[in-house]
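All figures in this text were calculated on a predicted structure; none of them were measured in a lab. Below, chain A is the first sequence line, B the second, and so on; all start at residue 1.
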2 protein chains.
Amino acid sequence: MPRPVIRPVSDQKPAEKLTIQDVADYAGVSKATVSRYLNRGGEQLSADVEARVAAAIRALGYSPSPMAQGLKRGKSRLIGLVVADVSNSFSVAVLRGVEKACRDAGYMVMLFNLGNDEQLEREAIRSLSAYRVEGFILHTLGHDAGALADAAQLGKPVVLVDRKVGDAEVDLVALDNQTAVQEAAGHLVEAGYRRLLFISEPIKAISSRNERARAFQAFVAEHVDTVGGTVFEAQRGDDDALDEALRALRRGAGQAPVAVLAANAVISLRVAASAARLGWQLGADLGLIGFDDPEWAALVGPGLSAISQPTDDIGRVATNCLIERLQGTQLPPRRVLLPGTLVTRGSTRRA
Amino acid sequence: MPRPVIRPVSDQKPAEKLTIQDVADYAGVSKATVSRYLNRGGEQLSADVEARVAAAIRALGYSPSPMAQGLKRGKSRLIGLVVADVSNSFSVAVLRGVEKACRDAGYMVMLFNLGNDEQLEREAIRSLSAYRVEGFILHTLGHDAGALADAAQLGKPVVLVDRKVGDAEVDLVALDNQTAVQEAAGHLVEAGYRRLLFISEPIKAISSRNERARAFQAFVAEHVDTVGGTVFEAQRGDDDALDEALRALRRGAGQAPVAVLAANAVISLRVAASAARLGWQLGADLGLIGFDDPEWAALVGPGLSAISQPTDDIGRVATNCLIERLQGTQLPPRRVLLPGTLVTRGSTRRA
DNA sequence: TTGTACGCGTTATCAG
DNA sequence: CTGATAACGCGTACAA
């Protein structure tokens, strides 16, 4: 018994339940022909048939089921994106870039937000793997190298963003922290600040924080004759300790102007708040420059100086990196370092 | 010829290529049995078989293919989320809520960010439909009622967030704008401000902006003996016009204290910037309160008063709403209005 | 150039 | 309680 009954068009199947067979019936051809049209773009089809199939598809509003396609091809055209915290402006910016690049390349993004919960890293990878994503873009907390190993062991390509994880041999796209720190610290020195404090959220194993801290220490070591500087890790929520760190910075500096280099926007904000509590004027009493340049940076106090990250590029580059891997390119792991941009505002003007 | 060759465990198939058949072989049962265990939780299985299957699944690290499941069941366990702009703190906050709620319910979120591009609305719905999402949560630009119609016609449930679209008869979860405006405006009056200006991004057809503007006008009308107020639409990027609007507000007020009610965080920020340009002190020279209460609100100028939206709840409620629909609940369209919270800071203190 | 037939991994129906 | 088997919608050898 060959093909099923040809239903009249008036049946008005919802577009979601349309199958390739419906299109074939409508066009008076076989499933295979429609499939070929869909996949090889009518290359091996007679003009007549091609036109009829095209018309049928448009008339019916057909679109193939990714599930069936995925099942058959063993590919899902899904990319898993894990972000540390969607509330964080950097994460969001990357998300934007990734999402757009994926769309352009015909992939869909499956998002998993960790909400800064380290416990979730593994679950994120698992969960996304269960959905058969073809690869991962990871902006994780880096706590759980095992999670990454999971992904690698599944044989799925991984691109890291902003943060290395363990010593995994995978692609990485990130800011050129080394240079960025030098520029920022250099700017502080030029502006006349002499005692510097690098403040970060707990560094733990997060590579970008670590790199920034080390680059800062290197800078200080190189300029030991003109400036001094140390590193402080601000615990989440402990504002008293932060206030005290700032006070200590100033006490230890004598008459020398003091400044803070903040490791990200959250810290910038907290330092600004702390300065406000202490009654210090940003710029005059305390220099402040921070990584990330969210929209509000210009409006906090006298304007927050910042190191602006090329977030859209980071997202785009990471995505393209991953897609190359998906297409089978066999290259050694790459490290793509993108330059930041120094944005100077009132918080680093002593005048 | 019955079942395929039983492969030794050492073959170490990657978890992604494991099939239910592999589990069945390992446990010495049939596919059907494994499937039953997976779906009915071993209810109709002998204790012995149940244990063996469980062990096999764990040993192999098997997880079923959502594609095959989707194909068979005609369901994808995917939810489409369309947001107007991931850079907007409200969108992100909702995204957070939705994502978490979906995860808890065993759904995955497929995200489409419009990036404020009205042209994309239709494509978003189409694109997500093509992936066979089971339903939509829409925080759109509302320009394109056709897009919504598309979704509705596909027979997929839709839940709107924050904004109505056209006069569509679908569920809506949003802030209680009416009450929120009254509280905010009331607060401004209590604080002593007498000439008010409601500033919004171009209202167009965006219902929440419209509601807020109308509620504001209603408030002014009710308190016409004590306050006056008008509405201003700030075009994107036209800061000059915004400055001029503020100057005009003050000119028209004589000695009366003036204040702005901003329709969202972006506007709050722009008004704060404008005040800075004009050399006005927030609070003293210009009262300011705005919808949305992002983390930085407390740190801009003297602190920005705000109407904090229960964004996590909005996301959660919207998701649950949608999932109910997915489970077949047949109710008339609901409108869930959640209360906001007034947060008063320096920008509305005249002292 | 076009059609037939099979299999991708699951679930569901029907026997046993 | 369990096993064989037929779909689900699609892509692709293979045949015509």
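- Note on B:S35: a side-chain N or O is less than 4.0 Å away from OP1 or OP2 of C:dT11.
- Look at CG on A:D48: it is 8 Å from P on C:dT2, rounded to the nearest Å.
- Note on B:S65: every side-chain N or O is 4.0 Å or more away from OP1 and OP2 of C:dT10.
- Proximity note for A:S46 (side chain, C-beta onward) versus D:dT2, C:dT1, D:dA4: the nearest is C:dT1.
- Remark: B:T33 is in phosphate contact with D:dG3, judged by side-chain N or O atoms under 4.0 Å from OP1 or OP2.
- OP1 and OP2 of C:dG9 both lie 4.0 Å or more from every side-chain N or O belonging to B:Q69.
- Between B:M67 and B:A32, the residue whose closest nucleotide on DNA chain C is further toward the 5' end is B:M67.
- Taking atom OH of residue B:Y37 and atom P of nucleotide D:dC1, one finds them 16 Å apart after rounding to whole Å.
- Taking all atoms of both residues into account, the shortest heavy-atom contact from A:L172 to A:D162 is CD1-N, 4.1 Å.
- With hydrogens and angles ignored, no donor-acceptor pair closer than 3.5 Å exists between the side chain of A:R40 and the base of D:dG11.
- Residue B:R36 is classed as a base contact, given a heavy-atom separation below 4.0 Å to a base.
- Smallest separation of non-hydrogen atoms from B:P157 and B:E134: CD-O, 3.3 Å.
- The NZ-P distance, from A:K75 to D:dG11, rounds to 15 Å in whole Å.
- Per the geometry, NZ belonging to B:K31 stands 9 Å off P belonging to C:dC8, to the nearest Å.
- Residue B:Q44 contributes atom CD, which lies 7 Å from atom P of D:dC1 at whole-angstrom precision.
- Counting all heavy atoms, side chain and backbone alike, B:V92 lies closest to A:V86 at CG1-O, 3.0 Å.
- Between the CD atom of B:Q21 and the P atom of C:dT10 there is a distance of 10 Å, rounded to whole Å.
- The side chain of A:Y62 contributes an N or O atom lying less than 4.0 Å from OP1 or OP2 of D:dC10.
- Rounded to an integer number of Å, the gap from CG of A:L18 to C1' of D:dC10 is 14 Å.
- One interatomic measurement links the two molecules: CD1 of A:I57 to P of D:dC10, which rounds to 11 Å at whole-angstrom precision.
- As judged by a 4.0 angstrom heavy-atom cut-off over every strand, B:L71 is placed among the base-contacting residues.
- The shortest non-hydrogen separation linking A:L60 to A:L18 is O-CD1, 3.1 Å.
- At distances below 3.5 Å, not a single donor-acceptor pair connects side-chain atoms of B:S91 with backbone N or O atoms of B:V83.
- Distances from the side chain of B:K72 to the nucleotides D:dC10, C:dT2, D:dC8 place D:dC8 closest.
- Taking every side-chain heavy atom of B:N39 into account, C:dT11 is the closest of C:dT13, C:dT10, C:dT11.
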